[in-house]
Amino acid sequence: MLEDAEVTGDGGSPGPSRRALLAGAAASLPLLLTACKGVQALGTPPPPARDIRVLAAAIAAEEAMVARYAAALRQLTAGGGTGGAGGGTGGGAAGGPAGAGAAAVAAVAAVRAEHVAHLAQLRSRLIHPPALTSSPGPSAAATASASPSAGAGAGAGTGARASRKLVLSELEQAEQTASDRLIGQLDGLPPALAQLFASIAASEATHVPYLRAAGQSR
Amino acid sequence: MTASPVSVVALLRAALEAEQAASYGYGVVGSHLPQSSAQQGAATTDWITHLRAADYLTALIQARGGTPAPAAVAYQLPVPVQTAAQARVLAAALEERVAQAYLALVAVPEPALRSYGAGQVRAAALRAEAWRGSTEPFPGLPAASLRG
């Protein structure tokens, strides 16, 4: 550096030396390359704020819940709608069991509609940046298929009523868990989002006795 | 929407008023249900729950230096009641009002109050479901606050 200064001074010109220019060009090369590569080359973006992460997780959980209810509906309609493997009677004319199955299907469909409404409201509060776009397909499907009762609806030794109760019981458990989780996440959320979470948590808690009542109808 | 200490007391007072109105309303509910029935028993249980909640809110308000308003002699009922079925509708309506009041408390940033408010919203929604026999997607949340 000292050598550069002397050379520059000798020439009487205040401009930078040739060596300094070369060094500057070399130093600026990575910046130029960065500009060409775009924002991604600047490094990993900062992690999203906690409320964004919590909201994204709530959306994913609600998506999984909707998928779970869709799977439950398929099971219930497959088990009750066929009229029984051995009987083959007309569903509605069979009396009690078919009526109870219809009540369970109606209850599950009604609750599923509420989850769809929850999901719409949660999604409306978040503008998805690309990195946070959730992929409901695999996780929701995994949750639904992870259900122990999946595929049990048409089991040979299992009655339709037992299968129905199992499906409803698992939904009740999932609802209680979801409600508790939402209430446990309220701290630090913006007021409006906290209120939405609390309201959805309350709704999901009410699904427990509602589904239980549907399962007890005979 | 940041709540100052003054507005927290105001929210607590609003919740207290909802609880007092519910306590009054459950008296009307119970009087229209069959004597000694399970439903009348449930109404009595819920009435006591609201009385205790009012006491708790009164203590909270006083602890914050506020003055709790005394209960009114009578309250305007949200629905007319002449039958047992209407009494059940009234009970559900009372619970919805209580849920609304507590949901306002959830906007308070204080974790303890927020958690308490959320718990009370859930409890009110559960009682409303028991009276109504059906569920609501957004208990306590005004329709105007929903998007889309």
Side-chain angles (χ1 to χ4, degrees), chain A residues 51 62 65-66 103 106-127 171-172 175-176 178-214 216-217, chain B residues 1-4 7-8 10-11 14-15 38 42 46 88 91-92 95-148:
Chain A
D51 55 338
E62 204 65 54
M65 192 70 99
V66 170
V108 169
V111 174
R112 181 183 178 278
E114 293 194 354
H115 283 295
V116 170
H118 295 166
L119 182 55
Q121 287 303 313
L122 289 169
R123 280 179 173 162
S124 75
R125 312 296 167 113
L126 181 66
I127 299 169
L171 292 177
E172 289 168 32
E175 294 281 5
Q176 190 63 53
S179 177
D180 292 343
R181 187 183 57 242
L182 284 171
I183 285 190
Q185 292 175 329
L186 295 178
D187 281 4
L189 292 184
L193 187 58
Q195 288 177 314
L196 179 62
F197 270 41
S199 181
I200 291 176
S203 173
E204 295 186 343
T206 64
H207 294 161
V208 177
Y210 182 69
L211 291 170
R212 189 171 300 144
Q216 286 166 353
S217 64
Chain B
M1 200 74 176
T2 50
S4 67
S7 67
V8 169
L11 293 172
D46 289 351
R88 289 191 291 273
E95 297 297 351
E96 177 60 20
R97 285 187 168 191
V98 167
Q100 281 179 18
Y102 279 112
L103 198 59
L105 213 49
V106 173
V108 172
E110 280 181 50
L113 269 187
R114 181 172 278 193
S115 177
Y116 171 68
Q120 291 297 92
V121 172
R122 183 158 71 173
L126 283 165
R127 288 189 295 268
E129 188 277 337
W131 287 110
R132 199 190 297 117
S134 63
T135 62
E136 291 287 326
F138 300 102
L141 208 57
S145 66
L146 298 174
R147 296 182 182 176

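All chains are named by letter (A, B, ...) in the order of the sequence lines, taking the proteins before the strands, and each is independently numbered beginning at 1. Heavy-atom basis, side chains included; hydrogens, waters and symmetry copies ignored.
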Do [X] side-chain atoms and [Y] backbone N/O form a donor-acceptor pair below 3.5 Å?
X        : Y        : answer
A/Thr206 : B/Glu129 : no
B/Arg114 : A/Leu186 : yes
A/Gln195 : B/Val106 : no

Quick one: do A/Asp187 and B/Glu110 satisfy side chain to side chain contact (heavy atoms under 4.5 Å, CB included)? Show the steps, please. CA-CA 8 Å; A/Asp187 281 4; B/Glu110 280 181 50; over 6 Å; no

Side chain to side chain contact (heavy atoms under 4.5 Å, CB included) assessment of B/Arg147 paired with A/Arg125: CA-CA 9 Å; B/Arg147 296 182 182 176; A/Arg125 312 296 167 113; 3.4 Å; yes

Which atoms of [X] are under 4.5 Å from chain B, going by heavy atoms: the side chain, the backbone, both sets, or neither?
X        : result
A/Ala117 : both
A/Leu189 : both
A/Ala120 : neither

Top residue by heavy-atom pair count (under 4.5 Å) with chain B, among A/Ala213, A/Gly188, A/Ser124?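 Top option by heavy-atom pairs under 4.5 Å: A/Ser124.
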
Applying side chain to side chain contact (heavy atoms under 4.5 Å, CB included) to B/Leu141 and A/Gln121, what does each step give before you reach the verdict? CA-CA 12 Å; B/Leu141 208 57; A/Gln121 287 303 313; over 6 Å; no

Quick one, A/His118 and B/Pro137 - any side-chain contact, counting heavy atoms below 4.5 Å?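 With C-beta onward as the side chain, the pair touches.
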
Run the numbers on A/Glu114 and B/Phe138 for side chain to side chain contact (heavy atoms under 4.5 Å, CB included), then give the verdict. CA-CA 9 Å; A/Glu114 293 194 354; B/Phe138 300 102; over 6 Å; no

Might you point out which heavy atoms bring A/Ala202 and B/Val121 nearest each other, and give the distance in Å?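 Minimum heavy-atom contact is CB-CG1, 3.8 Å.
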
At their closest point, which heavy atom of A/Pro209 faces which heavy atom of B/Leu126, and how far apart are they?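 Scanning both residues completely, I find the closest heavy atoms to be CG-CD2, 3.9 Å.
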
OG on A/Ser179 to CZ on B/Arg122, rounded to 0.5 Å: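 One gets 3.5 Å once the value is rounded to the nearest 0.5 Å.
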
Qualifying residue for side-chain contact (heavy atoms from CB on, under 4.5 Å) with A/Ser199, from B/Ser145, B/Pro139, B/Pro142: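 Result for side-chain contact (heavy atoms from CB on, under 4.5 Å) with A/Ser199: B/Pro139.
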
